[in-house]
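Below: one structure, written as structure tokens.
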Amino acid sequence: QAGMTALDYGYGNTASCRSAITYIDGDAGILRYRGYPIEQLAEKSTFLETSYLLIYGELPTQSELDSFTNKIRRHTLLHEDLKRFFDGFPRDAHPMPVLSSAVSALSTFYQDSLDPFDQEAVELSTVRLLAKVPTIAAYAYKKSVGQPFLYPDNSLGLVENFLRMTFGFPAEPYEVDPVFVKALDTLLILHADHEQNCSTSTVRMVGSSQANLFASISAGVNALFGPLHGGANQAVLEMLQRIEREFEGDVDKFVERVKNKEDKSARLMGFGHRVYKNYDPRAKIIKQQADEILKGLGVNDPLLDIAMRLEERALADDYFIERKLYPNVDFYTGVIYRAMGFPTRMFTVLFALGRLPGWIAHRREMINDPTTRIGRPRQLYVGATKRDYVEMSAR
Ligand code: SDX
């Protein structure tokens, strides 16, 4: 009927698949990977161990983790021809399209691991992605600042290696700050999976046509780029900078413009969630981390103060309370990334780095499910009824 939207017909919320990977209770603010609460994993696990858990379903024994770590270490290098791939991009290219293009290009260099039904090929492409995406991400950053690429140093852990390739220089040794390693490791754990979000559903949809894993993940990177999804962490920082610059830090004035939908985005970026109608459990952990890290670094970032005042103002406002809008995973992450020295445009790349094991886990789960069929969402046709062709002279 006129006026009804697709959501009214339930098209926005139909259950799309069965999965054993991640459980979310949006009202209670619960998030568990393979049954383990996110709070425990963030405190006790590492990103590599959590990646293993998401992909293989169980926490690894020490020998399983060592073997997984060593396999990944052996694949951190990019093919020399793939390194030249970066020369073709303009200096000011956003790193997210560079990432999605390079990930898709991996399928041209590693044609021996494309068959989604060959377990050995799936293992090899899984390890290649986990190992090479951090290298690609670091090179996308180096390209954007016109600095030379550093080869991976496999004596380092995954996160240390990434930080060194990102911020290190060939001319001098680079000491990775253990505070940054721990902070980034925790943030990557918190971003590692989140059930059937937009980008994960995209990975599953593309994978359902039996496209290879690299193509599926590349599609997920592109879906994540949108400002309503992973691109929100960049949009939050830009919003906080606007409040500082254009509103002189006056969060009340900014919130009123958002409520009146006068503001261009008419949204508090980093607020709201389709599933969480309570505080995003990840945001709680990240907010605490932001405070600790900035204090630990002796960084007094006015944007963190604006973020905290903005949260306080919104959580006391009926407009946000009625719509159950709370800070989500993206609200505080940007302040931490900025304190680490990442430019705003790298924030969503860091989200992709974290979400990679979740995407891989879902693609493997789907392709191993014998009931999987090619994705084919139904539609509600609301267009013209049957009519005959009109000759040009009669139009
Ligand atoms: C992520 O799905 C996942 O799990 C995603 C994610 C993951 O880990 O993969 O958690 C990561 O994407 C987090 C979300 C990051 N995006 C943002 O922070 C962008 C700002 N947030 C919104 O755009 C919005 O809240 C969404 C996209 C997150 C959710 O949108 P919904 O569920 O479709 O909500 P809606 O657009 O239907 O809005 C309902 C109402 C509307 O008001 P009315 O039209 O009824 O008057 O709430 C309002 C919206 O205008 N609203 C907001 C708002 N979000 C929704 N108003 C102000 N600020 C906001 N942030």
Side-chain angles (χ1 to χ4, degrees), residues 5-8 10-13 15-16 19 21-27 29-33 38 42 50 54 96 187-204 220-240 243 251 254-286 307 310-311 313-315 317-334 347-348 350-359 361-362:
T5 67
L7 273 175
D8 298 329
Y11 282 75
N13 299 304
S16 59
S19 175
I21 299 171
T22 291
Y23 172 73
I24 299 176
D25 177 332
D27 293 326
I30 291 173
L31 170 58
R32 298 185 196 128
Y33 296 161
I38 191 69
T50 297
L54 285 167
M96 279 297 274
L187 285 168
L188 294 175
I189 289 172
L190 293 169
H191 285 79
D193 192 53
H194 212 237
E195 193 228 69
Q196 303 308 318
N197 58 84
C198 175
S199 52
T200 301
S201 306
T202 302
V203 168
R204 290 181 82 111
V221 173
N222 285 312
L224 186 73
F225 190 21
L228 292 190
H229 191 13
N233 56 19
Q234 174 177 334
V236 168
L237 231 292
E238 289 160 355
M239 173 185 74
L240 296 174
I243 294 172
V251 295
F254 182 74
V255 166
E256 287 312 312
R257 283 174 59 90
V258 169
K259 284 164 63 178
N260 303 333
K261 300 200 196 265
E262 286 162 34
D263 196 69
K264 63 176 172 34
S265 68
R267 304 232 155 174
L268 274 190
M269 301 314 276
F271 256 72
H273 201 278
R274 175 63 59 79
V275 177
Y276 289 124
K277 297 308 171 194
N278 197 320
Y279 214 101
D280 181 333
R282 301 166 296 178
K284 259 190 208 138
I285 300 169
I286 295 169
L310 187 60
E311 175 192 354
R313 170 70 177 72
L315 295 187
D317 189 305
D318 289 345
Y319 179 92
F320 296 91
I321 295 168
E322 282 153 18
R323 291 168 176 78
K324 298 186 177 179
L325 300 174
Y326 293 86
N328 59 47
V329 68
D330 292 309
F331 190 64
Y332 285 104
T333 40
F347 292 5
T348 311
L350 294 167
F351 193 140
L353 219 49
R355 187 50 54 89
L356 180 62
W359 286 334
H362 279 274

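All ligand and atom numbering here is 1-based and tracks the order in the structure. Note that these values count all heavy atoms, side chains included, but never hydrogens, waters or copies made by symmetry.
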Subject >> Listed partners of D317 passing salt bridge (Lys or Arg N to Asp or Glu O under 4.0 Å), at least two apart >> reply: K259, R313
Original post:
Does D330 reach ligand 1 with a nitrogen or oxygen that is under 3.5 Å from one of the ligand's nitrogen or oxygen atoms?
Top reply: no
**OP:** Take Q196 and R204 through the test side chain to side chain contact (heavy atoms under 4.5 Å, CB included) and record every step on the way to the result.
**Re:** CA-CA 9 Å; Q196 303 308 318; R204 290 181 82 111; 3.2 Å; yes
Original post:
Hey, is the main chain of H273 close enough, under 3.5 Å, to the side chain of K277 for a donor-acceptor pair?
Top reply: yes
Subject >> Enumerated ligand 1 atoms positioned under 4.0 Å from heavy atoms of R282 >> reply: 7 (C), 8 (O), 10 (O)
**OP:** Enumerate the atoms of ligand 1 whose separation from the nearest heavy atom of A232 is less than 4.0 angstrom.
**Re:** 15 (C), 16 (N), 17 (C), 18 (O)
**OP:** Kindly confirm or rule out an N or O of H273 lying under 3.5 angstrom from an N or O of ligand 1.
**Re:** yes
Original post:
Does an N or O from M269, backbone or side chain, lie closer than 3.5 Å to an N or O of ligand 1?
Top reply: no
Subject >> side chain to side chain contact (heavy atoms under 4.5 Å, CB included) between S19 and H362, worked out >> reply: CA-CA 8 Å; S19 175; H362 279 274; 3.6 Å; yes
Subject >> Shortest non-hydrogen separation from P327 to Y279 and the atoms involved >> reply: CG-OH, 3.6 Å
Original post:
Can you list the steps and then say if L31 with H194 is a side chain to side chain contact (heavy atoms under 4.5 Å, CB included)?
Top reply: CA-CA 8 Å; L31 170 58; H194 212 237; 3.8 Å; yes
**OP:** Out of K261, R267, R355, E322, indicate the one that has the non-hydrogen atom closest to atom 24 (C) of ligand 1.
**Re:** R267
Original post:
ligand 1 and G270, any nitrogen or oxygen pair closer than 3.5 angstrom?
Top reply: yes
Original post:
Between R274, H191, H229, M239, which one has a non-hydrogen atom sitting closest to atom 32 (O) of ligand 1?
Top reply: R274
Original post:
If you take all heavy atoms of T50 and I189, which pair is closest and at what distance?
Top reply: OG1-CG1, 3.8 Å
Subject >> Backbone or side-chain N or O of L228 under 3.5 Å from ligand 1 N or O >> reply: yes
Subject >> For G272, atoms of ligand 1 separated by under 4.0 Å from a heavy atom >> reply: 25 (O), 28 (C)
Original post:
Polar-atom distance check: F271 versus ligand 1, any N or O pair below 3.5 Å?
Top reply: yes
Subject >> Sequence-distant partners of R282, salt bridge (Lys or Arg N to Asp or Glu O under 4.0 Å), two or more places apart >> reply: D280
Original post:
Using a heavy-atom cut-off of under 4.0 Å, does the side chain or the backbone of L325 touch ligand 1, or both, or neither?
Top reply: side chain
Subject >> Any N/O pair K277/ligand 1 closer than 3.5 Å >> reply: no
**OP:** Just let me know how N197 lines up against ligand 1, side chain, backbone, both or neither, with a heavy-atom cut-off below 4.0 Å.
**Re:** both
Subject >> Side-chain donor-acceptor pair present, T22, D193, cut-off under 3.5 Å >> reply: yes
